[in-house]
Amino acid sequence: MAGRRSAQWYAGDDRNSYIHRAWMRRGLPADAFDGRPHIAIANTASDLTPCNAHLDEVARSVANGVYEAGGIPLDLPVVSLGETQVRPTAMLWRNMAAMATEEMLRANPIDGVVLLGGCDKTIPALLMAACSVDLPAVVVPGGPMLTGTFRGVPLGCGTDVWKLSEEVRAGTLSERAFLDSESSMIRSKGHCNTMGTASTMGLLAEVLGMTLPGIAGIPAADSRLLAASHATGVLAVDLVNRDHRPSAVLTRGSFHNAIVALAALGGSTNAVVHLLAIAGRAGIDLTLDDFDRIGAEVPLLVDLQPAGRFLMEDFHRAGGLHAVLAQVADRLDPAAITVTGRPLVEPLPAAQVWDAEVIRSRAEPLQPHAGIAVLRGNLAPDGAVIKPAAASPHLLRHRGPAVVFDSVEDLHARLDDPALDITADSVIVLRGCGPKGYPGMPEVANTPIPAKLLAEGVRDMVRICDGRMSGTAYGTVVLHVSPEAAADGPLSRVRTGDMIVLDVPARTLHVEADLDTRDPSPEFLAALARPKRGWERLYVDTVRQADTGADLDFLLGASGDKVPRESH
């Protein structure tokens, strides 16, 4: 057993090793401690994280694979974050989940870990933890749900919530019909079936090299996910035997490939914040500008909601991730490897597109240039992002007067007021929604369109916010404005009526005003979060800005897996 990390707990004849072994003898045979790899299954299953509720079943398949390969599987429940349930926003606790998982992996007698995630923040948090502790690790994405239908039409969860709710407000859909669609929206186990953040991060975990090749995108209800989970359990034991750690997999080339894939997939803007945070833990010098430099000229090949028409079940049927990567193979770093130790690009020549409507060819893309655009100017000195693939082309160059809201509550109170002075040419500015200000940088940036404009047929307008929007959302929305208003960013001093100039092709965002002569409004300052205790206090005091990944300043980098002191 000497040489295994778990031997530091179990090997020997002294009192401490006795205690460690004895308390684990609740069904484990004596040879569980003879040198077999002990594999934690970091499991984010929770009834309050509906998209991850099936991961206990996945964990059983992983455990069977670990046993088959001669290892000892150990269930390790970790912090679970349900995007649809927790308030004020799941993003507030992404870093806490990462920190707690890191600490539990380091503190326990394990040699490797299988990371089970699904809903938006769980895979990023697990990858951040894995980088910081750097034990052999592999991810199993929980997979998207199957397609639900309503009145014969497929429903994209998230995306169609935004669409249908706006039609109710516009008076073109009855409230009864809207509520009737509720039971059809979620058809099966699994995360959102659009190319939202959950689907994006599951796919990018594979592009980063951190999954069994071919697993990402398998629907949660598909039996092949359980077979792949079993194979991942086998692989986890092999990773320990080879001492193959995340630090050997995650290179700058891995993140280069993730940015290329993000553009080709039409993935979520939230991936920008998550990839920056993961890179920060892995010690990779990734910047906001890398997303524009690497991804700007990559074509959009996947016709999925919210940027297109289809859903994740269609994507898997059409050939899935490998079929997309094969189309942009010339833009990928061929040296990047996966947890198997083999190059990411190795299986791509055999990949085929089985439905050219869902996955377009390089010659006939959905859009020729689809990467996340990074904007700078006097309104966003440290950057802001926009997803051109989900925006209205006619609004990508726009000049209009600001209509400013000092908080989400202010927005809700005034947006539908018939007396509000707002037109389709106005620019909605919502502030106080960044990491510090809300706190947690919530998905509120895709604000509703004012009711009176909806009645006029308006379905999109320029919106600017220091918060995020759901990966399932769409529209001409400028996000992640940095520095945020709560960090004394220029957004805090914009006033209603200021002319704002957005020029996505030129990558600029300006306000025609002398902001340096102004103070923030009292109403804005009064609405900012000022927690006095607990995690929120720690978060607000130490969180970094969105342009660096919104991690906590003291969590950057890694501490490794060493724990020198005994507990008894």
Side-chain angles (χ1 to χ4, degrees), residues 5-6 24 37-63 66 71-86 89-143 189-191 197-198 201-202 205 210-211 220 229 232-233 236 239-240 245-246 274 277-278 281-282 339 440 534-535 538-539 551-552 555 558-561 563:
R5 182 176 184 272
S6 53
M24 292 295 287
H38 284 232
I39 308 295
I41 303 173
N43 186 358
T44 56
S46 167
D47 288 342
L48 286 168
T49 306
C51 298
N52 291 19
H54 66 296
L55 291 180
D56 284 336
E57 180 184 23
V58 172
R60 287 193 291 273
S61 289
V62 172
V66 171
I72 302 298
L74 301 157
D75 186 52
L76 178 65
V78 293
V79 176
S80 187
L81 300 174
E83 194 67 30
T84 56
Q85 303 302 87
V86 296
T89 171
M91 184 64 174
L92 175 62
W93 295 287
R94 181 201 66 178
N95 301 335
M96 183 185 75
M99 183 167 70
T101 302
E102 172 191 346
E103 298 296 342
M104 289 301 97
L105 295 180
R106 182 180 295 112
N108 278 291
I110 60 169
D111 303 300
V113 60
V114 180
L115 308 163
L116 307 188
C119 195
D120 296 15
K121 306 302 176 295
T122 53
I123 286 181
L126 292 170
L127 281 172
M128 291 162 70
C131 289
S132 291
V133 75
D134 202 30
L135 283 170
V138 58
V139 174
V140 175
K189 66 183 82 172
H191 60 64
T197 306
M201 292 311 302
M210 290 299 296
T211 75
S229 300
T232 299
L239 291 177
V240 172
R245 299 172 184 251
H274 296 321
I278 295 165
R281 299 296 187 94
V339 284
W535 173 258
L538 178 63
Y539 182 92
D551 202 355
L552 304 191
L555 289 178
S559 299
D561 67 287
V563 186

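Note that the numbering runs from 1 along the sequence shown for the chain. Quick caveat: nothing in here was measured; it's all calculated off a predicted structure.
Annotation: side chain to side chain contact (heavy atoms under 4.5 Å, CB included) contacts of Val86 (sequence neighbours excluded): Ala90, Trp93. Applying the side chain to side chain contact (heavy atoms under 4.5 Å, CB included) test to Leu538 and every residue at least two apart in sequence or in another chain returns Trp535, Thr542, Phe554. In this structure, the side chain to side chain donor-acceptor pair (under 3.5 Å) partners of Ser132, at least two apart in sequence or on a different chain, are Arg281. With sequence neighbours excluded, no residue forms a salt bridge (charged side-chain N to carboxylate O under 4.0 Å, His left out) with Asp134.
Checked by atom type, the side-chain pair Thr49/Ser80 shows a donor-acceptor distance below 3.5 Å.
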Q: Kindly indicate, with the supporting measurements, whether the criterion side chain to side chain contact (heavy atoms under 4.5 Å, CB included) is fulfilled by Val139 and Leu126.
A: CA-CA 8 Å; Val139 174; Leu126 292 170; 5.8 Å; no
Q: Go through the steps for His274 and Arg94 under the test side chain to side chain contact (heavy atoms under 4.5 Å, CB included), then give the verdict.
A: CA-CA 9 Å; His274 296 321; Arg94 181 201 66 178; 3.1 Å; yes
Q: Kindly indicate, with the supporting measurements, whether the criterion side chain to side chain contact (heavy atoms under 4.5 Å, CB included) is fulfilled by Asp561 and Leu105.
A: CA-CA 8 Å; Asp561 67 287; Leu105 295 180; over 6 Å; no
Q: Evaluate the criterion side chain to side chain contact (heavy atoms under 4.5 Å, CB included) for residue pair Arg106 and Ser559; output intermediate values, then yes/no.
A: CA-CA 9 Å; Arg106 182 180 295 112; Ser559 299; 3.2 Å; yes
Hey, can you pull the donor-acceptor pairs under 3.5 Å for the side chains in residues 71-78, sequence neighbours left out?
none

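Listed for the Thr44 side chain is a donor-acceptor partner under 3.5 Å among the backbone atoms of Leu116. Not a single donor-acceptor pair under 3.5 Å links the side chain of Asp120 to the backbone N or O of Thr197. A donor-acceptor distance shorter than 3.5 angstrom exists from the side chain of His54 to the backbone of Gly142, with no hydrogens or angles considered. For Asp111 (side chain) and Ser6 (main-chain N/O), a donor-acceptor pair under 3.5 Å exists by modelled atom type.
Of all the heavy atoms in Leu555 and Met99, the pair that sits closest is CD2-SD, 3.8 Å. Of all heavy-atom pairs between Asn43 and Ala45, the closest is OD1-N, 2.9 Å. Among all heavy-atom pairs drawn from Asn52 and Cys119, the shortest one is OD1-N, 2.7 Å. When all heavy atoms are compared, the tightest approach of Leu55 to Gly118 is CD1-N, 4.5 Å. The minimum heavy-atom distance between Met210 and Val339, with the atom names listed, is CA-CG1, 4.0 Å. Between Met96 and Val79, the closest heavy-atom pair is CE-CG1, 4.2 Å.
Taking 4.5 Å as the limit, every side-chain heavy atom of His191 sits out of range of all side-chain heavy atoms of Pro141.
Note that OG1 of Thr211 is 11.5 Å distant from CG of Leu115, once rounded to the nearest 0.5 Å. The line from CD1 of Ile110 to CE of Met104 is 10.0 Å long, rounded to the nearest 0.5 Å. For the atom pair CD1 (Ile123) and CE (Met201), the distance works out to 7.5 Å, reported to the nearest 0.5 Å. Summarising the geometry, atom CD belonging to Glu83 is positioned 3.0 Å from atom NZ belonging to Lys121; distances are rounded to the nearest 0.5 Å.
The salt bridge (charged side-chain N to carboxylate O under 4.0 Å, His left out) pairs that include a residue from residues 44-59 are Glu57-Lys189, where partners are two or more places apart or lie in different chains.
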